[in-house]
Student: 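Structure below; questions to follow.
For the single chain, residues carry numbers from 1 onward in sequence order. Since this is a predicted model, take the numbers as computed values, not measurements.
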Amino acid sequence: MRGTTTLGRAALAAAFLSIAGVAGAADLPSQTYEPMAAPAPVAWSPWQIRVRALAVVPHDSGSVDQIPGSDLSYSNSVTPELDITYFFTPNIAAELILGTTYAEVEGDGPISGLDAGDTWILPPTLTLQYHFTNFGAFKPYVGAGVNYTFFYGTENDDLAAFDIDNSFGLALQVGADYMFNEHWGMNLDVKKLFLSTEWDGRLADGTYVSGDADLDPWLIGAGITYKF
């Protein structure tokens, strides 16, 4: 009987400890672990604009067909420029360049002193660019494209009925942006336009004259970049 009682007491003690363990576990606060949310991806915009101050430096070359050895020269100018860039990828982009400027056309060589006339020039240019993206905030690029130049608002001086033909040309480009943050930066840009056209007019005595105007200008710009 004593052995049976001892065994019974041991069984009761074990059952009590088991019940106490379950109760203690029930009293502990439950803990749940949730996975950390991944940061939201930054939206990438393909659009970018720039506003530049642009120096236009033509190559002084041209001719009057009726005067052997004649040459032409053109005034330099500074004008505002807007360009709009669309990125197909972070490296490949197309850029449309818009701006207008004013030029004086004068004779040179044996016709030095001839003031042919003045004209406004609108040379919209479209380039395809490659942007280098492995230099951090410094982002250089190169480009090549086409240009179509409009001559408008032409004024007569020593030539009457002075007229310059609109013309297509090729364009080469090199430049760089330095980005202060994901939106704002500064830009330096140099373009070379290969622009040759024809012109005509009449001298004071009514003599018809014509020739070529080879402007081939350098476009040197500096300004502000904004990427959307």
Student: Test Asp60 against Ser73 for side chain to side chain donor-acceptor pair (under 3.5 Å), laying out the working first.
Tutor: CA-CA 4 Å; Asp60 292 333; Ser73 66; 5.0 Å; no
Student: Are Ser70 and Ser63 close enough that a side-chain donor and a side-chain acceptor fall under 3.5 Å?
Tutor: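 Checked: Ser70/Ser63 side chains show no N/O donor-acceptor pair below 3.5 Å.
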Student: Check side-chain contact (heavy atoms from CB on, under 4.5 Å) between Thr119 and all other residues, then give those that pass, not counting sequence neighbours.
Tutor: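 With neighbours one apart ignored, the set is Ile121, Phe151, Thr154, Ile164.
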Student: Taking the side chain as every heavy atom from C-beta outward, state whether Asp200 and Glu198 have any atom pair closer than 4.5 Å.
Tutor: no
Student: Quick one: do the Tyr152 and Thr100 side chains pair a donor with an acceptor below 3.5 Å?
Tutor: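 There is such a pair (donor and acceptor under 3.5 Å, judged by atom type) between the side chains of Tyr152 and Thr100.
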Student: Looking at every non-hydrogen atom in both residues, tell me the closest pair between Pro68 and Pro110 and how far apart they are.
Tutor: O-CG, 3.9 Å
Student: Run the side chain to side chain donor-acceptor pair (under 3.5 Å) test against Ser167 and tell me which residues pass, sequence neighbours left out.
Tutor: none
Student: Kindly compute the distance separating OG (Ser210) from CG (Asp165), expressed to the nearest 0.5 Å.
Tutor: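 Rounded to the nearest 0.5 Å, the OG-CG separation comes to 10.0 Å.
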Student: So, do Asp157 and Asp118 sit near enough that their side-chain heavy atoms are less than 4.5 Å apart?
Tutor: yes
Student: Please check if the side chain of Asp158 supplies one atom and the backbone of Asp115 the other of a donor-acceptor pair under 3.5 Å.
Tutor: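 Present.
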Student: If we only count heavy atoms from C-beta on, is the Tyr102 to Ser77 side-chain gap below 4.5 Å?
Tutor: no
Student: Going by side-chain contact (heavy atoms from CB on, under 4.5 Å), name the residues that satisfy it together with Tyr148, two or more places apart in sequence or in a different chain.
Tutor: Phe150, Asn166, Phe168
Student: Any chain of hydrophobic side-chain contacts (each under 4.5 Å) joining Leu215 to Val56?
Tutor: no
Student: Between Tyr74 and His59, does the ring-ring contact (aromatic ring centres under 6.0 Å, His included) criterion hold? Intermediate values first, please.
Tutor: CA-CA 8 Å; Tyr74 320 97; His59 173 62; 8.8 Å; no
Student: Do Phe135 and Trp184 belong together in a cluster built from hydrophobic side chains that touch within less than 4.5 Å?
Tutor: yes
Student: Under the 3.5 angstrom rule, does the side chain of Gln129 hit a backbone N or O of Ala144 as a donor-acceptor pair?
Tutor: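 Pair absent, no side-chain N/O of Gln129 close to backbone of Ala144.
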Student: Do Val174 and Val146 land in one hydrophobic cluster if side-chain heavy atoms of ILVMFWY residues count as linked below 4.5 Å?
Tutor: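 Different clusters: Val174 never reaches Val146 through Ile, Leu, Val, Met, Phe, Trp or Tyr contacts under 4.5 Å.
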Student: Can you tell me how far CD1 of Ile49 sits from CG of Leu82, rounded to the nearest 0.5 angstrom?
Tutor: 6.5 Å
Student: State, yes or no, whether a side-chain contact exists between Ser112 and Leu114 at a heavy-atom distance under 4.5 Å.
Tutor: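 Result no, sub-4.5 Å side-chain heavy-atom pair not found.
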Student: Are any non-hydrogen side-chain atoms of Ile92 and Tyr130 less than 4.5 angstrom apart?
Tutor: yes
Student: Under the criterion side-chain contact (heavy atoms from CB on, under 4.5 Å), I'd like the reasoning laid out for Ile97 against Glu81: C-alpha separation, chi angles, the key distance, then a yes or no.
Tutor: CA-CA 7 Å; Ile97 302 153; Glu81 180 206 65; 2.7 Å; yes
Student: Is the shortest heavy-atom distance from the side chain of Arg52 to the side chain of Asn187 under 4.5 Å?
Tutor: yes
Student: Please step through side chain to side chain donor-acceptor pair (under 3.5 Å) for the pair Gln48 and Glu95, ending with a clear verdict.
Tutor: CA-CA 9 Å; Gln48 177 178 279; Glu95 180 179 275; 5.6 Å; no
Student: Does Phe180 share a hydrophobic cluster with Leu188, counting links as ILVMFWY side-chain heavy atoms below 4.5 Å and allowing steps through other members?
Tutor: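 No, no single cluster joins them.
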Student: State plainly whether one hydrophobic cluster holds both Leu126 and Leu128, where clusters connect Ile, Leu, Val, Met, Phe, Trp and Tyr through side-chain heavy atoms under 4.5 angstrom apart.
Tutor: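 Unlinked, Leu126 and Leu128 end up in two clusters.
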Student: Answer yes if the side chains of Asp214 and Ser196 hold a donor-acceptor pair under 3.5 Å, and no otherwise.
Tutor: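 On atom types as modelled, these side chains qualify, holding a pair under 3.5 Å.
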Student: Could you state the interatomic distance from CG (Asn134) to NZ (Lys139), rounded to the nearest 0.5 Å?
Tutor: 9.0 Å
Student: Check whether any side-chain heavy atom of Met179 lies under 4.5 Å from a side-chain heavy atom of Phe138, and answer yes or no.
Tutor: no
Student: Of all residues at least two apart in sequence or in a different chain, which pass the side-chain contact (heavy atoms from CB on, under 4.5 Å) check with Leu159?
Tutor: Ala116, Phe162, Trp199, Leu203, Val209
Student: If you take all heavy atoms of Thr125 and Ala171, which pair is closest and at what distance?
Tutor: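 Residues Thr125 and Ala171, closest heavy atoms: CG2-CB, 3.7 Å.
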Student: Working to the nearest 0.5 Å, report the span between CG of Asp212 and CG of Asp65.
Tutor: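 One finds 6.0 Å between CG of Asp212 and CG of Asp65.
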Student: Anything under 3.5 Å between a donor and an acceptor, one on a side chain of residues 216-228, the other on a protein residue two or more places apart or in another chain? List them.
Tutor:
| from | atom 1 | to | atom 2 | distance (Å) |
| --- | --- | --- | --- | --- |
| Asp216 | OD1 | Leu195 | N | 2.8 |
| Thr225 | OG1 | Arg50 | NE | 3.4 |
| Thr225 | OG1 | Asp177 | OD1 | 2.7 |
| Lys227 | NZ | Ser45 | O | 2.4 |

Student: Say you draw a straight line from CH2 of Trp47 to OH of Tyr86; how long is it, rounded to the nearest 0.5 Å?
Tutor: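 Reported to 0.5 Å precision, the distance equals 6.5 Å.
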Student: Salt bridge (Lys or Arg N to Asp or Glu O under 4.0 Å) with Glu106: which residues, sequence neighbours excluded?
Tutor: none
Student: Does Pro123 offer a backbone N or O that forms a donor-acceptor pair with the side chain of Asn147 under 3.5 Å?
Tutor: yes
Student: Could you check whether any side-chain heavy atom of Lys192 comes within less than 4.5 Å of a side-chain heavy atom of Phe194, counting everything from C-beta outward?
Tutor: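 Lys192 vs Phe194: side chains touch.
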